[in-house]
Amino acid sequence: MNVLILGSGGREHALAWKLSQSKQLGNLFIAPGNAGTAQLGLNLPVDPTHFSEIKQQVLQHRITMVVVGPEEPLVRGIHDYFLADEDLKNVVVIGPQQYAAQLEGSKEFAKEFMYRHNIPTAAYQSFTAENIPEGHAFLESLSPPYVLKADGLAAGKGVLIIEELGAAKEALTDMLANKRFGAASNKVVVEEFLDGIELSCFVLTDGQNYVSLPSAKDYKRIGAGDTGPNTGGMGAVSPVPFAEDDFMKMVEDQVVKPTIEGLQKEAIPYVGFIFFGLIKVDGLPKVIEYNCRMGDPETEVVIPRLKSDLLTLLIAAGNKTLHSQEVVFEENSACTVMLVSGGYPEAYKKGKQITGLETVTDSLVFHAGTTLKEDTVLTNGGRVIAVTSYGKDHHEALKKSYQNIEKIDFDQMNFRQDIGFDL
Ligand code: AMP
Ligand code: GLY
């Protein structure tokens, strides 16, 4: 079968790497892809949110499955677009329809869903420009720090954590009255601050059945010791040492099952990945957020640990036969370290030549933000390369990644030297 992956990051390279090992794969396409995915399939120069251009490519290349990497096409309704089109309706789309994608696309929708199904999460209220004084009163009822979230997608920047009450009130006014995050902050969710350690869990579901994928922990801050601004993710570790079996059992019983059952009770179809952003507070799991896709860079450690055939699993998700699937994982740890452009997550330059990639041994190199110019690999984003390694534990895996990073270079290359420091 011919498969198209939408997206251009390390997640998409890791998915392409795994799918290309499947005997069931015909031709692989990636739109728009990067220099790494170009080694595994054909990159198509199409924006994942330009649905009519995607349609053209799907028909031209006889593609029968589309795996949606990032959230934006899903939140904009790519799956619905396929279902509504006579020529596309039989193409399997991995990723939920627009209604369910609100689990990621609207913080308020996600919170209401969790409340309806008794899924543990932080207490909250949501506000609009019409009730800012009530928002200020709610902030006064909470203890610091204060958590303010733009309801809609805001490129990962829509969550503010503020120490001081006056500043939190000002920020709330700014988000609502001055549209600090544009339409994404027409509504703002204000919630209780949860103090704990975060991890990510993933399932692949057909809406009725699901298979659990390994847990992972990502490192979001740019600086050592989790300091400085948030990034898309600077590294990841799987499994998560503090996610012991009894904790994961609670995650399954209190979070995963109620989520899948909630979708069924509300007759919300869902074919695709669900990403549970969790926090462990006093030994108990709480949901920080849902995402309607795999994480990046979590995919670069979760997928390498999957021994089963990914395409078989995706086909089963599309056929709603996931209950018949056995999933096997690598016992070893997998860890990744992200190489980023100098300046990221603020302004950075692109187009720097990357050297040494071919000298890497005993690690997997996933391209996150690269492009090919003739035969030269150039940087093309903030996050550039993820170096993933296996080891008997995360120490051993990380050591290999750091050794291989020594061989890779580009102008102003930056990376965190302390992935896994808190484990
Ligand atoms: P989100 O986009 O909802 O994942 O939020 C971004 C980050 O903000 C999370 O990964 C957490 O580190 C932090 N965060 C979000 N909500 C809370 C909360 N209620 N308590 C503490 N930290 C939070
Ligand atoms: N690594 C977090 C995310 O993919 O949203």
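In each ligand, atom 1 is the first atom listed, and ligand 1 is the first ligand listed.
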Nearest to [atom], what protein heavy atom do you find, and at what distance?
atom	result
atom 2 (O) of ligand 1	K107 NZ, 3.2 Å
atom 5 (O) of ligand 1	V159 CG2, 3.4 Å
atom 18 (C) of ligand 1	E191 OE2, 3.6 Å

Does a donor on one side chain and an acceptor on the other come within less than 3.5 Å for T355 and D409? no

Below 4.0 angstrom from a heavy atom of [X], which ligand 1 atoms are there? Numbered from 1 as shown, please.
X	value
F193	20 (N), 21 (C), 22 (N)
K220	10 (O)
E289	1 (P), 2 (O), 3 (O), 4 (O)

Exactly one candidate in T299, I303, V302 meets side chain to side chain contact (heavy atoms under 4.5 Å, CB included) with R11; the answer is T299

Partner of E300 under side chain to side chain contact (heavy atoms under 4.5 Å, CB included), chosen from H13, M294, M338: M338

When rounded to the nearest 0.5 angstrom, what distance separates CG in L398 from OG1 in T388? 10.0 Å

Lys NZ or Arg CZ of K280 over F242 ring: under 6.0 Å, within 45°: no

Taking the minimum heavy-atom distance to atom 9 (C) of ligand 1, which of K157, E198, E192, R221 ranks first? E198

Option of least heavy-atom distance to atom 22 (N) of ligand 1 (set: D218, V189, I161): I161

Contact partition for L194 relative to ligand 1, non-hydrogen atoms under 4.0 Å: both

Would you mind telling me if ligand 1 is within reach of the side chain of K149, the backbone, both or neither, using heavy atoms under 4.0 Å? side chain

Using 30° and 60° as the class boundaries, would you call the ring planes of [X] and [Y] parallel, tilted or perpendicular?
X	Y	value
F109	Y99	perpendicular
H117	F113	tilted
F366	W17	perpendicular

Could you name the protein residues that come within less than 4.0 Å of ligand 2, counting only heavy atoms, and order them by chain and residue number? D218, G232, F275, N291, R293, G295, D296, P297, E298

Taking the side chain from E244 and the backbone from D246, do they hold a donor-acceptor pair closer than 3.5 Å? no

Go through it in stages, so that I can follow the logic: the residues are T121 and K111, the test is side chain to side chain donor-acceptor pair (under 3.5 Å), and I'd like the CA-CA distance, side-chain angles, deciding distance and then a yes or no. CA-CA 8 Å; T121 187; K111 295 297 280 193; 2.9 Å; yes

Going through the checks in order, is the salt bridge (charged side-chain N to carboxylate O under 4.0 Å, His left out) test met by R416 and D226? CA-CA 10 Å; R416 267 187 62 174; D226 283 344; 3.0 Å; yes

